[in-house]
2 protein chains.
Amino acid sequence: MNHQQTVWKALADPTRRAIIRTLKAGSKTAGDIADEFPMTRASLSHHFNVLKAADLVRTERRGQHIVYSLNTSVLDDVAAIMMDLLAPNDHDKE
Amino acid sequence: MNHQQTVWKALADPTRRAIIRTLKAGSKTAGDIADEFPMTRASLSHHFNVLKAADLVRTERRGQHIVYSLNTSVLDDVAAIMMDLLAPNDHDKE
DNA sequence: CAGATATTTAGACAAATATCTAAATGAATG
DNA sequence: CATTCATTTAGATATTTGTCTAAATATCTG
């Protein structure tokens, strides 16, 4: 699966979009994120993996915690790709 | 499923995104669209249904043909929703 | 090191999805 | 009106996906 498709799939799940939204407030540990969602930590961990595979989040271990943050540069690229799909066709190069 | 989620799911499939892209060039009949894709018309019809359920395309019967067009106003709304998710958190109202 | 805490991985399972073939519907036309 | 053309619907099937429980891994601390 190419990167673009991986990203679209990652964003198709409401839980994962909510994770992104909560991370916009700032980096959080896996546990802090998990506390906001009504599912097991194992399920959340699966969603983290999907988001990581899409390169939408980054991780950093801090002691026994793992801190998740948004990968803002990739998020910007994604925004551009989505706009390219959805915006009217009035680019210069055409 | 709420409308937003329906839209995200609709866009998560590469064939459906390609249908949207081809319709950006202008309205086309189901058959003309089908000619551009290496799958059966039945499969394409399924994708059309998903796009219609998400209100991303509109249809109009013309004789024995059915013409598909983009629902541009909804597309604009979708773009805004996606930007809201992906853009940095610097809105006025916060 | 033994235990506690934080997180991930493995494996199972039900539900959703994309595709196909075959049949049905709808409209034009000789 | 019987046939043909365009498209959709129905039903089957294989794959993917989201969730869970149980077990594994990693780190800290007494």
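Lettering of chains follows the sequences in order, A, B, ..., and the numbering in each one begins at 1. Values below: all heavy atoms of this structure, side chains included; hydrogens, waters and symmetry mates excluded.
Using a 4.0 Å cut-off, some side-chain N or O of A/Arg16 falls inside it from OP1 or OP2 of D/dG18. At least one side-chain nitrogen or oxygen of B/Tyr68 sits closer than 4.0 Å to the OP1 or OP2 atom of D/dT8. For the pair B/Thr29 and D/dT7, the criterion of a side-chain N or O lying under 4.0 Å from OP1 or OP2 is met.
Protein atom CD1 of B/Ile66 is 13 Å distant from nucleotide atom C1' of D/dC5, rounded to whole Å. Between the P atom of D/dT7 and the CD atom of B/Glu60 lies a distance of 13 Å, rounded to the nearest Å. A straight line from CD1 of A/Ile19 to P of D/dG18 spans 11 Å, rounded to a whole angstrom. Here the C1' atom of nucleotide D/dA10 and the NE2 atom of B/His46 are 14 Å apart, to the nearest Å. In this entry the distance linking CD of B/Gln64 with C1' of D/dT8 reads 14 Å, nearest Å. B/Ile33 places its CD1 atom 9 Å from the P atom of D/dT7, with the value rounded to the nearest Å.
If you walk DNA chain C from 5' to 3' and mark each nucleotide with an atom closer than 4.0 Å to a heavy atom of chain B, the marks span C/dT17 to C/dA28.
Two residues are said to be in side-chain contact when any heavy atoms from C-beta on lie closer than 4.5 Å; B/Thr59 and B/Val67 fail this criterion. By the 4.5 Å heavy-atom criterion applied to side chains, B/Thr6 and B/Asp55 are not counted as neighbours. Inter-residue side-chain proximity for B/Leu56 and B/Leu75 is flagged as met; some heavy-atom pair is nearer than 4.5 Å. In this structure, B/Leu51 and B/Arg17 have side chains that are not in contact, with every pair of non-hydrogen atoms separated by 4.5 Å or more. Within the 4.5 Å cutoff, no side-chain heavy atoms of B/Val7 are placed close to those of B/Asp77. In this structure, the side chains of A/Leu44 and A/Thr40 stay at 4.5 Å or more apart for every pair of heavy atoms.
Both B/Arg61 and A/Asn49 sit near DNA chain C, but only A/Asn49 has its closest nucleotide nearer the 5' end. Judged by closest nucleotide on DNA chain D, B/Asp32 is the one of A/Met39 and B/Asp32 placed further toward the 5' end.
Residue-level contact check: A/Arg62 touches neither bases nor backbone, having no heavy atom under 4.0 Å from any strand. Residue contacts for A/His65: at a heavy-atom cut-off of 4.0 Å it reaches the sugar-phosphate backbone alone, with no base atom in range. Residue contacts for A/Phe37: at a heavy-atom cut-off of 4.0 Å it reaches no nucleic acid atom on any strand shown. Across all strands, A/His47 comes closer than 4.0 Å only to sugar-phosphate atoms, never to a base (heavy-atom distances). Within 4.0 Å (heavy atoms only), B/Ala30 reaches sugar-phosphate atoms of the nucleic acid but no base atom.
Ion pairing between B/Asp35 and B/Arg41 holds under the 4.0 Å rule for side-chain N and carboxylate O.
Pairs engaging residues 40-68 of chain A under the ring-ring contact (aromatic ring centres under 6.0 Å, His included) rule: A/Phe48-A/Tyr68 [sequence neighbours left out].
Taking every side-chain heavy atom of A/Asp13 into account, D/dG18 is the closest of D/dT21, D/dC28, D/dG18. Comparing atom distances between the A/Lys9 side chain and each of D/dA10, D/dT19, D/dT17 picks out D/dT17 as nearest.
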